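Read the structure below first, then the notes.
Keep in mind it's a predicted model, so treat the numbers as computed, not measured.
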Amino acid sequence: QVQLVESGGGLVQPEGSLRLSCAASGMIFSINTMGWYRQAPGKARELVAGITSGGSANYPDSVKGRFTISRDNTKNTVFLQMNSLKPEDTAVYYCNAFAADLGSPGSYRQYWGQGTQVTVSS
């Protein structure tokens, strides 16, 4: 199994910044893509940013230019730097990894963190 633990959420004023971190641990064989999703009340979970093991990132238009995803493969950690935050960015943010564990090294699956709340409000 692979465990993901997020940190860094909180309350921030509009136009402020936050940095989220997510560390993967457990019986990790390999991690392919990692990413961040968010879910606001009454809405579906949506992709915020994704990054491949080689460092290629993708973002939806709603956060492009404001959010930056990065990862440290040596520490199995992914980060999300969020700048110019808006009230509509308020949501629970979830870390995601497409990974294989040592018990099934050829079998990749999605893993999720428990989520961290981000609230943008004055």
Side-chain angles (χ1 to χ4, degrees):
Q1 287 292 313
V2 176
Q3 293 82 42
L4 301 176
V5 178
E6 302 106 334
S7 61
L11 173 65
V12 63
Q13 293 186 341
E15 295 303 314
S17 298
L18 277 177
R19 187 177 192 240
L20 305 183
S21 300
C22 172
S25 63
M27 300 178 64
I28 300 170
F29 172 73
S30 176
I31 300 177
N32 192 331
T33 58
M34 301 187 79
W36 291 93
Y37 288 71
R38 68 186 180 189
Q39 188 166 21
K43 294 188 177 182
R45 190 173 296 190
E46 62 176 356
L47 175 69
V48 174
I51 186 167
T52 67
S53 56
S56 296
N58 65 287
Y59 310 91
D61 288 344
S62 58
V63 307
K64 198 172 292 183
R66 300 188 297 122
F67 291 9
T68 302
I69 189 171
S70 59
R71 66 189 281 179
D72 182 342
N73 291 331
T74 65
K75 298 181 179 179
N76 292 324
T77 303
V78 64
F79 307 95
L80 184 67
Q81 178 65 42
M82 303 185 292
N83 299 327
S84 301
L85 283 160
K86 305 175 181 180
E88 51 264 43
D89 294 317
T90 295
V92 178
Y93 283 69
Y94 296 91
C95 178
N96 171 272
F98 188 56
D101 62 37
L102 291 171
S104 302
S107 179
Y108 283 77
R109 52 156 285 190
Q110 301 283 353
Y111 290 91
W112 294 93
Q114 80 285 356
T116 185
Q117 177 70 45
V118 172
T119 302
V120 184
S121 175
S122 55

| request: Evaluate the side-chain contact (heavy atoms from CB on, under 4.5 Å) criterion for residues Phe67 and Leu85: first the C-alpha distance (whole Å), next the side-chain angles of each, then the deciding distance (0.1 Å), finally the verdict. | output: CA-CA 9 Å; Phe67 291 9; Leu85 283 160; 3.8 Å; yes
| message | Determine whether Leu11 and Ser121 satisfy the following criterion, side-chain contact (heavy atoms from CB on, under 4.5 Å), listing intermediate values before the conclusion. | response | CA-CA 7 Å; Leu11 173 65; Ser121 175; 4.2 Å; yes
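- Side chain of Thr90 to main chain of Pro87: a donor-acceptor pair is present (N/O by atom type, distance under 3.5 Å, no hydrogens or angles).
- To the nearest 0.5 Å, the span separating OG1 on Thr68 from CZ on Phe79 amounts to 13.0 Å.
- Side-chain contact between Ser25 and Asn76 is absent, with no heavy atoms from C-beta onward closer than 4.5 Å.
- In the hydrophobic clustering of ILVMFWY residues, with side-chain heavy atoms under 4.5 Å counting as a link, Val2 and Met27 come out apart.
- Both Ile28 and Met34 belong to a single network of hydrophobic side chains, linked directly or stepwise wherever heavy atoms of I, L, V, M, F, W or Y lie under 4.5 Å apart.
- Listed for the Tyr59 side chain is a donor-acceptor partner under 3.5 Å among the backbone atoms of Ile69.
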| field | Residues Gln110, Asn96; criterion side-chain contact (heavy atoms from CB on, under 4.5 Å); working and verdict | value | CA-CA 7 Å; Gln110 301 283 353; Asn96 171 272; 2.9 Å; yes
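- For the pair Val118 and Gly9, the tightest heavy-atom approach, listed with the atom from each and the gap, is CG2-CA, 4.2 Å.
- One hydrophobic cluster, built from ILVMFWY side chains closer than 4.5 Å, cannot hold both Tyr37 and Leu18; they sit in different ones.
- Both Leu20 and Val12 belong to a single network of hydrophobic side chains, linked directly or stepwise wherever heavy atoms of I, L, V, M, F, W or Y lie under 4.5 Å apart.
- At a threshold of 4.5 Å between non-hydrogen side-chain atoms, the residues Ile31 and Val78 do not count as touching.
- The minimum heavy-atom distance between Ala99 and Tyr111, with the atom names listed, is O-CE1, 3.6 Å.
- Counting only N and O atoms by type, the side chains of Tyr108 and Ser30 include a donor and acceptor under 3.5 Å apart.
- Closest approach of Gln81 and Ser17 over heavy atoms only: NE2-CB, 4.0 Å.
- A donor-acceptor contact shorter than 3.5 Å is absent between the side chain of Gln114 and the backbone of Val5.
- Across all their heavy atoms, Tyr94 and Gly115 have their closest contact at CD2-CA, 3.6 Å.
- Under the 4.5 Å side-chain criterion, counting only non-hydrogen atoms from C-beta, Asp89 is in contact with Arg66.
- Looking only at atom types and distance, the side chain of Ser53 has no donor-acceptor partner in the side chain of Asn32 under 3.5 Å away.
- The line from CZ of Arg45 to CZ of Arg38 is 13.0 Å long, rounded to the nearest 0.5 Å.
- Here the shortest heavy-atom pairing between Ala100 and Pro105 reads CB-O, 3.6 Å.
- Side chains of Trp36 and Met82 form no contact here, defined as non-hydrogen atoms less than 4.5 Å apart.
- Side-chain contact between Leu47 and Asn58 is present, with at least one heavy-atom pair separated by less than 4.5 Å.
- Counting only distance, with no hydrogens or angles, the side chain of Arg71 and the backbone of Thr52 share a donor-acceptor pair below 3.5 Å.
- Pairing each heavy atom of Leu80 with each of Ala49, the nearest pair is CD1-CB, 4.0 Å.
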